[in-house]
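Shown next, in structure tokens, is the structure this report addresses.
For the numbers below, each heavy atom of this structure counts, side chains included, while hydrogens, waters and symmetry mates do not.
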Amino acid sequence: MQKSVSINLSLFLISVISGAASESFSQDIFPFDPHDVRLEPTSLGARAMALNKDYMLSLDVDSLLLTFRRNAGLPAPGDAFAGSWEDPACEVRGQFMGHYLSATARLQDDAEIASRSTFIIAELKKVQDNLGDGYLSAFPTEHFDRLQNLQPVWAPYYVIHKVMAGLLDHQTFAHNQAALQMVIGMAAYFGKRVDDTLQVNGTDHWHDMLNNEFGGMSEVLHNLYGVTKDKAHLRLAGLFVKPSFYEPLVALQDPLPGLHANTHLAQVNGYAAQYEATGAKDALTAVEHFFYVITHHHSYATGGSNDGEFWGPADQVADAISEQQDALETEETCTQYNMLKLARYLFSWTGNVTYADYYERAIMNGLLGTQRMPAFDHSENKSLDKQHQHTAAGHGTGPETLLQLESSTGNGVSVSRRRLQGTGNLSGGADATLSPFDAYSANWRQAAFAQFRGLRAGQLQEEPENAPGPGVVLYLLPMGAGQSKGQSSHGWGTPLHSFWCCYGSSVESFAKLQDSIYFYRLYQNKQPGGPVADLYINQLVSSSLTWPEQGLTVNQTATFNGPNNTAFTKIAFTAGTGTGMIVVQLRIPSWVAEGASQVRLNGQTWRECHQHQSADSSLGSSVGTALSAGSYCSIKGVFKTGDVITAKLPMIIRAETVQDKRPQFQSLKAVMAGPMLMAGLTDDSRKITANASDLASQVSEASTEGLVSLRLQGSPNTYLQQLGTQIVAGPLQQGNAAAMAATFRMLDISASEARPVTQMSDGQQLVLESMHRPGQVIMQDSQGQLRLQPMQHLQIDDLRSHGLTMQLSLSNAANADEALVSLQMMHVNVAQNQVRITNSTLGDDWVVEGFKGKYPEGSKALHGQDSSYIISPLGNIVDEKYTAYFDFQMPL
């Protein structure tokens, strides 16, 4: 046994780290330090970072440290995060701390963040000293004993990786040498532990242990080796490379079907770190091949992947979208975190625009929008005759015969949230007794989570709901039809009682939104009078860059919401002393209309752009011409204060077919505007009759003409609302989704055709149009009920005789600034708390107010032959219901 172990181990290590001596890695493209890049304060990214920082600062430091201190037998003040993944009884407690440290490492310019992270690291050092032998964790070593015995345990190495990575990030970004020594101590402890396992149990047994999720242990240990150059760290890193996943990738196979996505994505980032540490070509092959396979055969149009956290068969992604039960469980947000890291590795090695394009798509669709950002201030809306901004749409398909008036509760917000609460047995810090489950089955991770969640069953207490604000994020991003983001099995998390894996990756991700906008490359062989560096501008994000080594400050102002579906960026320079010649490499994205981009330097067209080197081998080594889509435009010069580069980038409005080769799913397509998935604001419908190959002619701006909200006269918070298949009169609830439901477009039918009301006058006859379904108005059907019906086949007389019509009155309003409408065929009886549809004309008056809802920024209208939709960037949607993929039918 001893001899067999030694031989197997030697062969294994040789195969993993064989490139260390003979091969080398050289990188010449680098990101800027986080403190050198600032997001423009009013940008979506800056607001997301600020919300994230508010959450980080709101967390009690003693509560964050509680499980670590308890594990070391130290005094542990503070309250436990009961019922969460950081509960003292949860087996993955401590994982959030690792991401929290990684986030704080990148935010050291904030004095409060820097102070608390310094304190936390010092307290963790006390924990490590008290535990002894370099061990540092929020749970006892008994978890690793169970793992070694192949007994059920959640994922101990997964948690250890997070803590080690967070500490190492503090050495990288904050130059904290104490944190580095703590990581070195942890590596020594686990190096000895793994060696003991190999000696006692053998290599095959160790590989069985690697079937338990171990996170990015390979990545953090290879990165540690990059700092220490200690071969013991390199050897240990190689032991966390799992052959059953690594070897098929090196052989250019697809091993993804049936695998847990985030478990293996972290391993691929380990291969990337392995390549940087050793130069091993097999590691590079594994990374590049994995990226190609997942983006071409397993991904959604968001750039994300997985359903129920697992990858399915190649080119059969439609199953996860077409079945609504599956579509609610798509795209674990942790996987987007790891894919962004992977794309960043690949770009820094190659400078290839493909990876920058992917990064943009993944961050805009799969990360931004996973926070539940606070709703807008209703008071900012404009009155009807001053509407100029993007605003609201409603939901639903019409009212029933008898409709209930909802009772108001003060501000109209119903509070019925529940939280998971720990019990007395948690106070001692010991693990709860866990029932057996198969830790090595395909669904071991779900079983562990379900078991922990079940442990808390029956321990529910009332808690204010997880309203929009800091610390409310997603675990999953649904890809179905007519759901909101919070309708997955996890829903929106709560700030103190969730702490899922995706809370940790979210806190880290939103702390580094600025880290991949700009990159640089220094020229090693400078020519006299020639350029000294390249500046890559990869992302269209309003931001500023300080580059002290080159004496430059760069200010970028960018938007995707220019007229005619055009993105714009303006890059202004401020130069100090000693500025040399640089080459600005401005990305011309793959989503621009071919040949339509314009780049100017100080107002003059710049024509000297180079060709695109594609990562897709099927395209050949070089494609495109100057200013071609998917390229970099090289702008060379000694930039002076006042120099300005501008770029006009027309976006292609296009339909991307789902990655599924089966004929029955070829009509399932995502509508894209540039890098943005444009989701339909729908309750459930995804069918549209339209030519998917010519979408540009079928998309228009989302108009705000005629938008209003109707409040019952005499009631401060009773609004007419379209909700599902009902029309209700009730209090306005929180959030833009509810505000949109209380917003309608008034169409004037006094003349020969229906037109949006832009100027109100006495006696106008009006109908209401659905705002999230343009072209559909509320009509009375043959049964006397009100339903949404397409307006395109109706005559104006049909609207007058069968529509829910209103008579406008300015002279009878109590306030000179108000206008009133009387609804025909609707009787409102507030005393009896109900709304009845009748066949008579009644005089109950509704005050016309400025619209309450808003279209998500960047919304447009998609017009089909039989129906139209409001489509909005998925990253800008918060609580609105949406459909990610449309079912396109060709017009006859």
Side-chain angles (χ1 to χ4, degrees), residues 256-266 268 290-291 293-343 358-372 445-446 449 473-493 500-506 509-510 656 658-660 668-672 675-680 686 873-878 881-885:
L256 275 61
L259 294 180
H260 183 262
N262 204 50
T263 294
H264 293 84
L265 270 165
V268 179
F290 173 86
F291 187 87
V293 167
I294 193 171
T295 57
H296 285 72
H297 301 288
H298 293 275
S299 290
Y300 309 116
T302 58
S305 68
N306 65 87
D307 180 32
E309 303 187 26
F310 284 78
W311 289 310
D315 301 312
Q316 294 187 22
V317 174
D319 289 339
I321 298 169
S322 57
E323 297 295 330
Q324 187 67 2
Q325 183 176 356
D326 294 329
L328 292 175
E329 306 299 303
T330 47
E331 195 167 318
E332 183 186 1
T333 56
C334 280
T335 60
Q336 212 74 333
Y337 157 85
N338 276 313
M339 281 297 295
L340 288 167
K341 287 179 65 175
L342 188 61
Y358 173 83
Y359 197 97
E360 176 183 60
R361 177 188 291 243
I363 201 169
M364 294 189 73
N365 297 303
L367 181 61
L368 295 176
T370 60
Q371 294 172 310
R372 198 173 191 186
R445 197 167 184 266
Q446 285 87 329
F449 172 61
V473 300
L474 290 175
Y475 191 118
L476 301 162
L477 182 62
M479 288 287 111
Q483 76 285 298
S484 68
K485 290 181 175 178
Q487 285 185 256
S488 72
S489 58
H490 291 73
W492 291 104
W500 311 313
C501 52
C502 298
Y503 261 72
S505 59
S506 174
S509 292
F510 283 106
E656 289 191 1
V658 66
Q659 287 184 5
D660 201 304
L668 202 58
K669 303 174 188 294
V671 176
M672 306 294 296
M676 300 173 290
L677 187 150
M678 303 294 286
R686 62 161 37 115
L874 182 59
N876 293 343
I877 291 173
V878 181
K881 291 185 177 181
Y882 66 91
T883 294
Y885 280 79

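- No donor-acceptor contact under 3.5 angstrom links the side chains of E331 and S305, judged on distance only.
- A donor-acceptor contact shorter than 3.5 Å is absent between the side chain of Q316 and the backbone of Q659.
- Within the 4.5 Å cutoff, the side chain of K485 has heavy atoms near those of the Y882 side chain.
- Among all heavy-atom pairs drawn from A301 and E656, the shortest one is CB-OE1, 4.1 Å.
- The only member of V293, N306, D315 that meets side chain to side chain contact (heavy atoms under 4.5 Å, CB included) when paired with H298 is V293.
- At a cut-off of 3.5 Å, with distance as the only test, a side-chain donor of S489 or E329 sits close to an acceptor on the other residue.
- Proximity of a side-chain donor or acceptor of S505 to a complementary backbone N or O of Y337 within less than 3.5 Å is not detected.
- Using a 4.5 Å cut-off on side-chain heavy atoms (C-beta onward), L677 and M672 make contact.
- Distance OG1/T883 to CD/Q483: 6.5 Å, rounded to 0.5 Å.
- Side-chain contact between Q487 and P478 is absent, with no heavy atoms from C-beta onward closer than 4.5 Å.
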side-chain contact (heavy atoms from CB on, under 4.5 Å), that's the test. Do Y885 and V671 meet it? Break it down for me. CA-CA 7 Å; Y885 280 79; V671 176; over 6 Å; no
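- Heavy-atom minimum distance, K881 versus G482: CD-O, 3.6 Å.
- Looking at T370 and V473, their side chains never come closer than 4.5 Å, going by heavy atoms from C-beta outward.
- Contact record, H490 with L476: ND1-CD1, 3.9 Å, taken as the closest heavy-atom pair.
- Looking at heavy atoms from C-beta onward, L368 lies in side-chain contact with F510 at the 4.5 angstrom threshold.
- Using modelled atom types and a 3.5 Å distance limit, the side chains of N262 and T335 yield no donor-acceptor pair.
- Between L340 and A362, the shortest heavy-atom distance links the atoms CD2-CB, 3.8 Å.
- In this structure, D307 and Y300 have side chains that are in contact, with non-hydrogen atoms separated by less than 4.5 Å.
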In sequence, state the C-alpha distance, the side-chain angles, and the governing distance for V658 and I321, and then conclude on side-chain contact (heavy atoms from CB on, under 4.5 Å). CA-CA 9 Å; V658 66; I321 298 169; 3.6 Å; yes
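- Within the 4.5 Å cutoff, no side-chain heavy atoms of V268 are placed close to those of F291.
- In this structure, I294 and M339 have side chains that are in contact, with non-hydrogen atoms separated by less than 4.5 Å.
- Considering all non-hydrogen atoms of both residues, W311 and L265 come closest at CZ2-CG, 4.0 Å.
- Looking at every heavy atom in both residues, Y475 comes nearest to C502 through O-SG, 3.6 Å.
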